[in-house]
Number of protein chains: 2
Amino acid sequence: MNKIDLTSCPICSKLQIDNQETLLDDLKYSVKTYKKNELIIRQGEICDGLYMLMLGSVKTEMITENGNTLGIEIIKAPLPLAPAFVFSDNNRFPVDVTTLEEVEIMKIPKDEIMRLMITNHDFMSSFMTHNANRTQFLTNRLQLLSIKTIKGKIAHFLLENSTSEGKPFNINRNQTELAEFFGVARPSLARSLSEIVQDGIIKIEKKEYTILNYKGLRELLI
Amino acid sequence: MNKIDLTSCPICSKLQIDNQETLLDDLKYSVKTYKKNELIIRQGEICDGLYMLMLGSVKTEMITENGNTLGIEIIKAPLPLAPAFVFSDNNRFPVDVTTLEEVEIMKIPKDEIMRLMITNHDFMSSFMTHNANRTQFLTNRLQLLSIKTIKGKIAHFLLENSTSEGKPFNINRNQTELAEFFGVARPSLARSLSEIVQDGIIKIEKKEYTILNYKGLRELLI
DNA sequence: TTGAATGTGTAACAATTGTGACATATTTAT
DNA sequence: ATAAATATGTCACAATTGTTACACATTCAA
């Protein structure tokens with residue numbers, strides 16, 4: 001059996017190394033691998049365990065009733081997928097999950113998770129915190145969607161993703177994905193982006209963005 | 001000290017009655033009361049404990065960066081307020097909380113919650129489930145916001161809230177609140193509503209809604 | 001009961017966004 | 001290297017929504 005390194009996984013990192021190994025020895029779980037661009041979980045499927053992304057990255061997206069897709073997020077290993085839903089009353093996945101590269105996923109049954117939480121309080125604590133952080137993420141997502149103008153969304157997004165004043169930073173989404181993330185039409189996003197560029201507020205080079213005028217960008221939120 | 005009935009609270013209901021009493025005897029907590037229309041929690045405030053709404057009802061809303069408000073939900077006692085945020089890394093309330101009537105709130109410190117979870121696995125389990133359900137709620141909210149047309153939002157909302165085919169049901173929000181909930185302008189909502197009424201798809205009498213044409217309503221989602 | 005406050009209906013017009021189409025650029029796979 | 005696939009820029013026009021304003025209805029409180 002392969003050694004699996006979970007030290008950089010937020011819900012397992014607090015475990016002592018030797019604990020981690022006994023943990024994994026005792027643990028009942030299964031591992032599956034998937035190829036690139038596979039749809040591995042469909043929105044609405046029953047979620048009867050914890051799906052831990054061990055290797056690779058996936059994207060999650062929500063299919064709206066009108067058939068549009070709303071991009072939710074990109075998840076890189078090692079992180080659990082939709083961990084909250086194991087315990088919800090209606091335990092169905094709220095999103096489609098598609099691989100972005102070759103992916104390895106470990107599935108741990110719900111009762112095993114329960115046992116882990118009871119026997120290992122560090123695990124319980126980090127599991128709680130991780131789920132809490134996910135809630136916060138969703139809240140932020142809600143906030144972004146509640147901004148009505150496209151320029152406002154762009155401003156919110158760029159200000160959130162920029163590091164230090166004036167320095168370039170990378171956005172690992174193309175325009176189509178950004179448009180999905182914002183829930184707007186792609187040409188509309190392109191138009192708004194090019195207007196902000198023409199106004200000298202930001203500079204875009206491929207996926208590298210630079211904020212040239214913070215004040216101007218912040219004013220787009222109003 | 002008053003006896004407090006938590007049997008209808010989702011995170012406490014599974015506790016045995018006698019457990020509940022010893023639980024509350026040992027528990028460190030404080031109770032505060034508030035009047036109607038008080039702003040009791042401000043978006044961004046530190047959340048250093050579990051706030052349990054014991055009596056009354058409150059509304060939560062998010063203040064967007066552009067100054068608009070987005071109505072999130074109405075919470076009726078007994079239910080915890082933003083329980084997930086106690087454990088998040090950035091433990092700040094994501095919303096404003098305003099009382100809708102006279103309200104009583106019990107605050108339990110974070111470490112007490114931790115102790116409860118460790119000593120009482122039923123509590124832990126229901127706390128997990130409740131938080132999971134909240135995540136699902138937020139996901140639904142996200143789904144509603146991701147529908148682009150106002151008629152689509154109305155359709156989604158009414159289909160979700162209707163009980164059995166053709167029977168009237170009550171929506172406990174006025175138009176202004178509904179508009180906030182949908183994140184749209186009030187007159188725009190009124191216009192869309194009246195169009196749907198004129199098309200004979202629904203009937204509105206005060207806050208009582210009746211769906212007259214399910215097929216037609218569903219088509220608005222497309 | 002009566003005035004005040006709040007909620008609803010509606011209109012003209014402005015602003016923003018979506019649509020569909022196309023050319024061009026860039027990336028990817030063979 | 002080259003064709004195919006994907007991504008981007010841009011346009012004219014349609015559709016939807018927001019804005020502001022005001023009349024009228026309803027509810028609430030003194």
Side-chain angles (χ1 to χ4, degrees), chain A residues 35-37 59 64 66-71 98 100-102 144-156 170-199 202-209 219-222, chain B residues 35-37 59 64 66-71 98 100-102 144-156 170-199 202-209 219-222:
Chain A
K35 291 186 184 160
K36 185 172 175 175
N37 293 326
K59 67 172 174 181
T64 311
N66 55 31
N68 288 345
T69 61
L70 177 74
T98 309
L100 293 175
E101 49 188 313
E102 210 177 277
L144 180 67
L145 279 186
S146 73
I147 297 175
K148 279 164 202 150
T149 66
I150 297 184
K151 288 186 183 179
K153 292 177 200 226
I154 295 171
H156 176 91
N170 278 301
I171 298 297
N172 61 348
R173 297 171 190 266
N174 60 34
Q175 266 191 22
T176 308
E177 290 168 336
L178 255 192
E180 277 184 8
F181 188 70
F182 291 166
V184 300
R186 205 265 313 160
S188 304
L189 175 63
R191 173 174 45 206
S192 294
L193 274 175
S194 77
E195 281 172 13
I196 301 179
V197 168
Q198 278 192 335
D199 292 346
I202 64 173
K203 195 176 71 179
I204 306 178
E205 211 144 333
K206 311 260 165 117
K207 291 183 178 177
E208 187 189 83
Y209 289 66
E219 276 164 6
L220 294 179
L221 293 170
I222 300 168
Chain B
K35 292 185 183 160
K36 185 175 173 172
N37 292 328
K59 68 171 173 182
T64 312
N66 55 31
N68 289 345
T69 61
L70 177 75
T98 309
L100 292 174
E101 50 189 312
E102 210 177 277
L144 181 67
L145 279 186
S146 73
I147 298 174
K148 278 164 202 151
T149 67
I150 297 184
K151 288 186 182 178
K153 292 177 200 225
I154 294 171
H156 175 92
N170 278 302
I171 297 298
N172 62 348
R173 297 171 189 265
N174 61 33
Q175 267 192 20
T176 309
E177 290 169 334
L178 256 192
E180 276 185 8
F181 188 70
F182 290 166
V184 301
R186 204 267 313 158
S188 303
L189 176 64
R191 172 176 44 206
S192 295
L193 274 175
S194 77
E195 282 173 12
I196 300 179
V197 169
Q198 278 191 336
D199 292 347
I202 63 172
K203 194 176 71 177
I204 305 177
E205 212 143 333
K206 312 261 164 118
K207 291 182 179 179
E208 188 189 83
Y209 289 67
E219 274 163 7
L220 295 179
L221 292 171
I222 302 167

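A note on names: the letters A, B, ... follow the listed sequences, proteins ahead of strands, and every chain is numbered from 1. Since we're looking at a predicted model, the values are computed, not measured.
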Begin from the C-alpha positions of Leu193(A) and Ile202(A) and carry the test side-chain contact (heavy atoms from CB on, under 4.5 Å) through to its verdict.
-> CA-CA 9 Å; Leu193(A) 274 175; Ile202(A) 64 173; 4.3 Å; yes
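Here the NZ-CG distance, from Lys59(B) to Asn37(B), works out to 7.5 Å after rounding to the nearest 0.5 Å.
Counting any heavy atom pair closer than 4.0 Å across all strands shown, Ser188(A) reaches a base atom.
With distances taken from any side-chain atom of Asn174(A) to the nucleotides dT8(C), dT8(D), dT19(C), the minimum falls on dT8(D). Nearest nucleotide to the side chain of Thr176(B), out of dT17(D), dT17(C), dT8(C): dT8(C). Listed nucleotides dT27(D), dC11(D), dG9(C) differ in distance to Arg186(B); the shortest reach to its side chain belongs to dG9(C). Among dG18(C), dT27(D), dT17(D), the nucleotide with an atom closest to any side-chain atom of Ala185(A) is dG18(C). Checked against dT10(C), dT10(D), dG18(C), the side chain of Ile150(A) finds its nearest nucleotide in dG18(C).
Between Ile204(A) atom CD1 and dA7(D) atom P the separation is 16 Å, expressed in whole Å. When rounded to the nearest whole Å, the span between CD of Glu205(A) and P of dT8(D) equals 14 Å. Remark: P of dC28(D) and CG of Asn37(B) are 13 Å apart, rounded to the nearest angstrom. Note: CG (Leu220(B)) to C1' (dT16(D)) measures 14 Å, nearest angstrom. As a whole-Å value, the separation of Ile147(A) CD1 from dT17(C) C1' is 16 Å. The NZ-C1' distance, from Lys206(A) to dT6(D), rounds to 14 Å in whole Å. Spacing between atom CD of Gln175(A) and atom C1' of dT26(C) amounts to 13 Å, rounded to whole angstrom units. Here dT6(D) presents its P atom at 14 Å from CD of Glu180(A), a figure rounded to the nearest Å.
The shortest heavy-atom contact between Lys153(B) and Ile147(B) is CE-O, 2.9 Å. Between Gln175(B) and Arg186(B), the shortest heavy-atom distance links the atoms OE1-CD, 4.0 Å.
Two residues are said to be in side-chain contact when any heavy atoms from C-beta on lie closer than 4.5 Å; His156(B) and Leu221(B) meet this criterion.
The residue among Arg173(A) and Arg191(A) whose nearest nucleotide of DNA chain D lies closer to the 5′ end is Arg173(A). The 5' end of DNA chain C is approached more closely, in terms of each residue's nearest nucleotide, by Glu177(B) than by the other of Ala190(B) and Glu177(B).
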